[in-house]
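These notes are about the structure you will find just below.
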Amino acid sequence: MSATVSFSLPSAHGPRTVTLSYARVGTGEPLLLLHGIGHHRQAWDPIIHLLAAEREVIAVDLPGFGESPALPDGLTHDLATVVPALGALCEALEIERPHVAGNSLGGLLALELGREKLVRSVTALSPAGFWSPVERRYAFGVLIAMRQAARRLPLPVIERLSRTAAGRTVLTSTIYARPGRRSPEAVVAETLALAHAEGFTETLRAGSAVQFTDDLPGLPVTVAWGTRDRLLVRRQGIRAKHIIPRARLVRLPGCGHVPMNDDPALVARVILDGSR
C-alpha cells in the first residue's frame, strides 16, 4: 500500500515542495530502502516481507522515479539535493537515523547518507561511484540503451515478451542474472517505470562526475556485489573495500546487478545482518 509525503526544501529561488511516494510495512528498527536509476521501489518486493519480519521497512520511490514526481524547478536531481531530500523524508515520517539499504544509485545514496551521519548503518548492493572512467561510460551507455529500448517498445510487445522466460531475458538480463524468475507483471511494470522515469536523464547527467572517495569511520557498512553483475563489474567492490577499509565486503554468488530477485533469502540475510 503506497502513500505520499510532502516537505519543503530550500532552493536558490526560495522554498520548493518535494513529494515522494513510499510504502511502509513491518515492525522493528526502521530500515529505508533505496532503488537504482530507472527502477522503482517494487524492486524490493522479492525481499520486503523477509525484511518486514524484523524491521519497519520504508521503501521509497526516488524523486522522478516510480510514483514520485520529478523535483520542482529550482532543484536538481543530484546528490546535493536528493540526499537532503531523503533526510527530510525521514524527518517528515518521524524516523530518526534509520538503517539504510540501497542498490546501484540507491547504494551510492545510502553511502552518502552515512557520510552525512543521517543513518545508523549502511548496506550498499552494487553501489554506484566506485567505477573507473571506462567502467562508468560503459554502464551509462548500457543504461541509455535500456531506456531507449523501453521507450520504443509498444506496451503489447512488452506484455508479450514478459509472458515467456526468453522474453523476460530480453527485457531484463542486463540487471538480473536469473531473469526468468521475475514475474511477468513485475517485468512489465519495471519496463514502464524505466520508460516513464522523469528524473532519468538529469540523474544520469549528474552522475557523470560522481566518485565516492570517503571512509565512513564508526558506521557499520556492508558492501555486497553479485558475481554476475553485468552493469557494474564486481572488481568495483574491491575498490569500495579499499576506500572503506572497515566495511564488510560480501560476495553474492550467482546474482546480477539487482540481486534481490536473483537470491531473495541471501540478500535479505545480508541486509538484516548489516543492520543489527
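On a predicted model such as this, the values are computed, not experimentally measured, just so you know. FYI, side chains are in, hydrogens and waters are out, and symmetry mates aren't considered; it's all heavy atoms of this structure.
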## Note on the structure
Rounded to the nearest 0.5 Å, the CE atom of Met260 sits from the SG atom of Cys255 at a distance of 10.5 Å
### Query
Counting N and O atoms only, with roles assigned by atom type, does the side chain of His35 sit under 3.5 Å from a partner on the main chain of Ala43, one being a donor and the other an acceptor?
no
### pair Asp262-Arg181: side-chain heavy atoms closer than 4.5 Å
no
### Message
Could you measure the distance from the CZ atom of Arg182 to the OH atom of Tyr176? Nearest 0.5 Å is fine.
### Response
3.5 Å
### Query
In terms of hydrophobic clusters joined by side-chain contacts under 4.5 Å, are Met146 and Leu171 together?
no
### Message
Using side-chain heavy atoms (C-beta onward) and a distance below 4.5 Å, is Leu111 in contact with Val221?
### Response
yes
### Task
Would you name the heavy atoms of Ala85 and Leu9 that are closest together and state the gap between them?
CB-CD1, 3.7 Å
### Query
Do you know which two heavy atoms are closest between Gly207 and Trp131, and how far apart they sit?
O-CZ2, 3.8 Å
### Query
Do the side chains of Ile243 and Val83 join up, straight or via other hydrophobic residues, at under 4.5 Å, putting them in one cluster?
yes
### Query
Would you say Val270 and Asp273 make side-chain contact, with heavy atoms under 4.5 Å?
no
### Query
Do Arg97 and Glu29 meet the salt-bridge criterion of a basic N to acidic O distance under 4.0 Å?
no
### Query
Within a reach of under 6.0 Å around CD of Gln211, are more than 12 heavy atoms found that belong to other residues, nucleotides or ligands?
yes
### Message
Under the criterion side chain to side chain donor-acceptor pair (under 3.5 Å), I'd like the reasoning laid out for Thr222 against Arg248: C-alpha separation, chi angles, the key distance, then a yes or no.
### Response
CA-CA 5 Å; Thr222 299; Arg248 181 177 66 128; 3.1 Å; yes
### Summary
dist Leu232:CG -> Tyr138:OH (nearest 0.5 Å) comes out at 9.5 Å
### Criterion side-chain contact (heavy atoms from CB on, under 4.5 Å) on Leu89 and Leu86, from CA distance to verdict
CA-CA 5 Å; Leu89 165 76; Leu86 293 170; 4.3 Å; yes
### Query
Does atom CZ of Arg269 have more than 12 heavy-atom neighbours from other groups under 6.0 Å away?
yes
### Task
For residues Ser21 and Ser68, determine if any side-chain heavy atom of one lies less than 4.5 Å from a side-chain heavy atom of the other.
yes
### Task
Specify the closest pair of heavy atoms between Gly87 and Leu118, including all atoms of both residues, with the distance to one decimal.
CA-CD1, 4.3 Å
### Summary
For Val233 and Trp225, the nearest pair of non-hydrogen atoms, with its separation, is O-NE1, 3.6 Å
#### Entry: Check: Ala165 main-chain N/O paired with Thr169 side-chain donor or acceptor under 3.5 Å
yes
### Message
Looking at Arg246 and Asp215, is any side-chain nitrogen of the basic one under 4.0 Å from a carboxylate oxygen of the acidic one?
### Response
yes
### Query
So do Ile95 and Leu32 actually touch side chain to side chain, heavy atoms under 4.5 Å?
no
## Note on the structure
Paired with Val60, the side-chain contact (heavy atoms from CB on, under 4.5 Å) test is passed by just one of Leu33, Leu34, Leu93, namely Leu34
### Message
What verdict does the side-chain contact (heavy atoms from CB on, under 4.5 Å) test give for Leu79 and Leu108, after you've listed the backbone C-alpha separation in whole Å, the side-chain angles of each residue and the deciding distance to 0.1 Å?
### Response
CA-CA 9 Å; Leu79 294 176; Leu108 171 63; 4.1 Å; yes
### Task
Tell me whether Val258 is reachable from Leu192 by hopping between hydrophobic residues (I, L, V, M, F, W, Y) whose side-chain heavy atoms are closer than 4.5 Å.
no
### Verify same cluster id: Ile175, Val187 (apolar side-chain graph, 4.5 Å)
no
### Message
If I compare all heavy atoms of Arg120 with all of Pro220, which pair ends up nearest, and what's the gap?
### Response
O-CD, 3.4 Å
### Task
Mind running side-chain contact (heavy atoms from CB on, under 4.5 Å) on Arg230 and Ser173 for me, showing each step along the way?
CA-CA 9 Å; Arg230 296 174 57 193; Ser173 63; 3.6 Å; yes
### Query
Under 4.5 Å between any side-chain heavy atoms of Leu252 and Asp263, yes or no?
no
### Query
Do Arg147 and Thr201 pass the side-chain contact (heavy atoms from CB on, under 4.5 Å) test, and can you show the C-alpha distance, the side-chain angles, and the key distance before you say yes or no?
CA-CA 10 Å; Arg147 160 90 158 174; Thr201 301; 4.2 Å; yes
#### Entry: Hydrophobic cluster identity match, Leu219 and Leu249, side-chain contacts under 4.5 Å
yes
#### Entry: Polar side-chain atom of Asp61 near backbone of Arg41 as donor-acceptor pair, under 3.5 Å
yes
### Salt-bridge criterion met for Arg115 and Glu112 (N-O under 4.0 Å)
yes
### Query
Roughly how far apart are Lys117 NZ and Leu113 CG, rounded to 0.5 Å?
12.5 Å
### Over all atoms of both residues, closest heavy-atom pair of Arg168 and Ser162
NH1-O, 2.7 Å
### Query
Is there a donor-acceptor pair under 3.5 Å between the side chain of Thr227 and the backbone N or O of Gly254?
yes
### Message
Can a donor-acceptor pair be found, under 3.5 Å and without considering hydrogens, that links the side chain of Thr81 to the backbone of Asp78?
### Response
no
### Message
For the CD atom of Glu198 and the OG1 atom of Thr203, what is their distance to the nearest 0.5 Å?
### Response
11.0 Å
### Query
In Å and rounded to the nearest 0.5 Å, what is the CG to CD distance from Asn261 to Glu190?
8.0 Å
### Query
Between Leu155 and Val188, is any pair of side-chain heavy atoms under 4.5 Å apart?
yes
### Query
Is any side-chain heavy atom of Ile238 closer than 4.5 Å to a side-chain heavy atom of Phe130?
no
### Task
Spell out, as yes or no, whether a donor-acceptor pair under 3.5 Å connects the side chain of His77 to the backbone of Leu71.
yes
